[in-house]
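To start, the structure under review is shown below, and the notes come after it.
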Number of protein chains: 2
Amino acid sequence: MPSIDPIERTLSRQGHRLTGPRRAVVDTMRLLGNHFTAEEVQQALPAVGRATIFRTMKLMRELEMICQVVLDDGTIVYQLVGEDESEHHHHVICSDCGKVAEFTSDGLERLLEDVASMTGFEVGAHRIELYGQCDSCQKK
Amino acid sequence: MPSIDPIERTLSRQGHRLTGPRRAVVDTMRLLGNHFTAEEVQQALPAVGRATIFRTMKLMRELEMICQVVLDDGTIVYQLVGEDESEHHHHVICSDCGKVAEFTSDGLERLLEDVASMTGFEVGAHRIELYGQCDSCQKK
DNA sequence: ACAGCATTGATACCTAGTATCGTTTACCGA
DNA sequence: TCGGTAAACGATACTAGGTATCAATGCTGT
Ligand SMILES: [Mn+2]
Ligand SMILES: [Mn+2]
Ligand SMILES: [Zn+2]
Ligand SMILES: [Zn+2]
C-alpha cells in the first residue's frame, strides 16, 4: 500500500525508506506551520532521536522538500516547500514574528547574472534574503 | 600619543579603549589577508582569550570595520573593510579558495526595492551573496 | 598619580549540527 | 510470507561558532 502523501511518495520514489520517524517529522512540520526550527520539531517528537531529526531535515533539504532560511540575527528556520511549486525562489522574513514569505523575480535573476559577469567570477549560486516587517506586524 | 592607525583611531574616537588585545587582533587580521575565520585569528594569538577575540570581532562588525560573510556551506569568514570605502556592498565568494570580492550595484538595490514593495512587507535590510569560482581557480 | 569603569581571561554554557557505532527495521526477492 | 541485508535508528560524544559570568586587570580623563 503505497503512501498517498506527496512528500512520502517522493521520498520512496527517490529510493529512501519510509520509516516511522520520517513520517513523524513530516507530519510535525506540517503541524508547525509557516516556519519552524529543528529544535521545535525535536521538542514535538521526544521519542525521535536528535540525530534523526537533523538527518531527516538534511535529506529533505537535499530533495528540496524544505527551504533553509537564515534570519537577520543568524538563527536558522525551515519552511516546507509548497505542494506543487518547488521552483527557484527567495524569502522575505518578518523580523518581528518570523513569518517567511516567498518571492521570485526574473528581473532580479537576470540582473544578478550581469553583476556576476562583471566580477570576473564564474557565479553558479546565490543566497538572497530580505528582512523587514510583515503586514500584520506593521499594523501593530 | 594618539595612534596613527585608521582603525585604532576610529576605535578610540568612538569611545572604545585601545587595548593590547584589540591592537593585536587588528594587526593579525591584516596579516591574514583577504579573508579569515575567528579561529584563524585566535590561533595566531594564543595569548589572547577566546572570548576577547569574539568580543573584538563583534565590536568591529558593529562599527562596520569588518564584513561577515557566509560561505555556501554555511561556514563564516570575515573581511576587513577597505581603508576608505565602507559603503553598502555585497560579496562574491570563490567556493574553491574562499576568496572574497566585493561589488555594488545601484540597479540591484533599486530592483530589490521594487520586489520588496510587491511583497506587502516593509523591507529594511537584505543579505546577498554570490558563489562561484574566482578567475585564478577557473584556470586550474 | 590615581580612581573608576571598560575590558580582560578563565570557565561554563549555548545552538546547530555531524561522527561513531551497536541495534533495529523497512524492503525486496525467493 | 518469510528471511537477509543494507538502510536507518538512538545514544553518545564531538564539533563550530559563539555568549554569559565574574573576579582581576589596566586604560584614560582629570
Ligand atoms: Mn521557500
Ligand atoms: Mn566586504
Ligand atoms: Zn510579522
Ligand atoms: Zn578561488
Side-chain angles (χ1 to χ4, degrees), chain A residues 1-3 5 8-26 28-29 32 35-63 66-79 98, chain B residues 1-3 5 8-26 28-29 32 35-63 66-79 98:
Chain A
M1 45 156 167
S3 173
D5 184 291
E8 296 186 358
R9 277 204 13 185
T10 306
L11 270 176
S12 62
R13 265 197 281 107
Q14 301 291 125
H16 302 282
R17 292 188 182 174
L18 214 42
T19 66
R22 281 183 181 158
R23 286 173 199 268
V25 166
V26 172
T28 299
M29 287 176 173
L32 288 173
H35 60 277
F36 44 84
T37 62
E39 214 198 339
E40 285 169 336
V41 176
Q42 193 204 335
Q43 285 177 352
L45 297 171
V48 176
R50 219 173 88 81
T52 298
I53 303 286
F54 282 105
R55 278 189 290 237
T56 304
M57 292 181 78
K58 186 181 185 181
L59 175 62
M60 292 181 71
R61 231 191 308 148
E62 281 160 7
L63 300 179
I66 55 177
C67 305
Q68 190 186 48
V69 179
V70 183
L71 302 191
D72 43 1
D73 68 355
T75 62
I76 289 172
V77 301
Y78 297 86
Q79 187 186 43
Chain B
M1 44 158 171
S3 172
D5 184 289
E8 296 186 0
R9 277 204 16 186
T10 306
L11 229 36
S12 63
R13 265 196 282 108
Q14 301 290 123
H16 302 282
R17 289 186 184 175
L18 214 42
T19 66
R22 282 183 181 158
R23 287 173 197 267
V25 166
V26 172
T28 299
M29 286 174 172
L32 288 173
H35 60 276
F36 43 86
T37 62
E39 215 199 338
E40 285 169 336
V41 175
Q42 193 204 335
Q43 284 178 352
L45 295 171
V48 176
R50 218 172 88 85
T52 298
I53 302 286
F54 283 104
R55 280 189 292 239
T56 304
M57 291 181 79
K58 186 181 186 183
L59 175 63
M60 291 179 73
R61 231 191 309 151
E62 282 159 7
L63 299 179
I66 54 177
C67 305
Q68 191 186 47
V69 180
V70 183
L71 303 192
D72 43 2
D73 68 356
T75 62
I76 290 171
V77 300
Y78 298 87
Q79 186 186 45

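So that the names make sense, note that chain A is the first sequence line, chain B the second, and so on, each numbered from 1.
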With sequence neighbours excluded, what pairs up with R23(A) under the salt bridge (charged side-chain N to carboxylate O under 4.0 Å, His left out) test?
E8(A)

Looking at T19(B), does any N or O in its side chain come under 4.0 Å of the phosphate oxygens OP1/OP2 on dA6(C)?
no

Contacts of S12(A) meeting side chain to side chain contact (heavy atoms under 4.5 Å, CB included) (sequence neighbours excluded), chain-then-number -> none

Could you work out, with side chain to side chain contact (heavy atoms under 4.5 Å, CB included) as the rule, every residue matching T37(B), not counting sequence neighbours?
E39(B), E40(B), V77(B)

Using a 4.0 Å cut-off to any heavy atom of chain A, which nucleotides of DNA chain D are the first and last in contact, reading 5' to 3'?
dA6(D) to dA11(D)

Does any residue of residues 51-59 of chain B have a heavy atom under 4.0 Å from DNA chain C, and if so, which ones, in number order?
A51(B), T52(B), R55(B)

Check DNA chain C against residues 35-43 of chain B and give the residues with a non-hydrogen atom under 4.0 Å, in numerical order.
none

Step-by-step side-chain contact (heavy atoms from CB on, under 4.5 Å) determination, Q68(A) to M57(A):
CA-CA 10 Å; Q68(A) 190 186 48; M57(A) 292 181 78; over 6 Å; no

Sorted by position of nearest nucleotide on DNA chain D, 5' first, the leading residue of Y78(B) and P21(B) is Y78(B)

Closest-nucleotide 5' rank along DNA chain D - winner of R22(A) and R50(B):
R22(A)

Rounded to the nearest 0.5 Å, how far does [atom2] of [Y] lie from [atom1] of [X]?
X	Y	atom1	atom2	answer
Q43(A)	R50(A)	CD	CZ	11.0 Å
Y78(B)	M60(B)	OH	CE	11.5 Å
Q14(A)	L63(A)	CD	CG	5.5 Å
T75(B)	D73(B)	OG1	CG	4.0 Å
T52(A)	R22(A)	OG1	CZ	9.0 Å

Taking CD1 from I76(A) and C1' from dA16(C), how many angstroms apart are they, rounded to a whole number?
7 Å

With V48(B), which of I53(B), T28(B), T56(B) fulfils side-chain contact (heavy atoms from CB on, under 4.5 Å)?
I53(B)

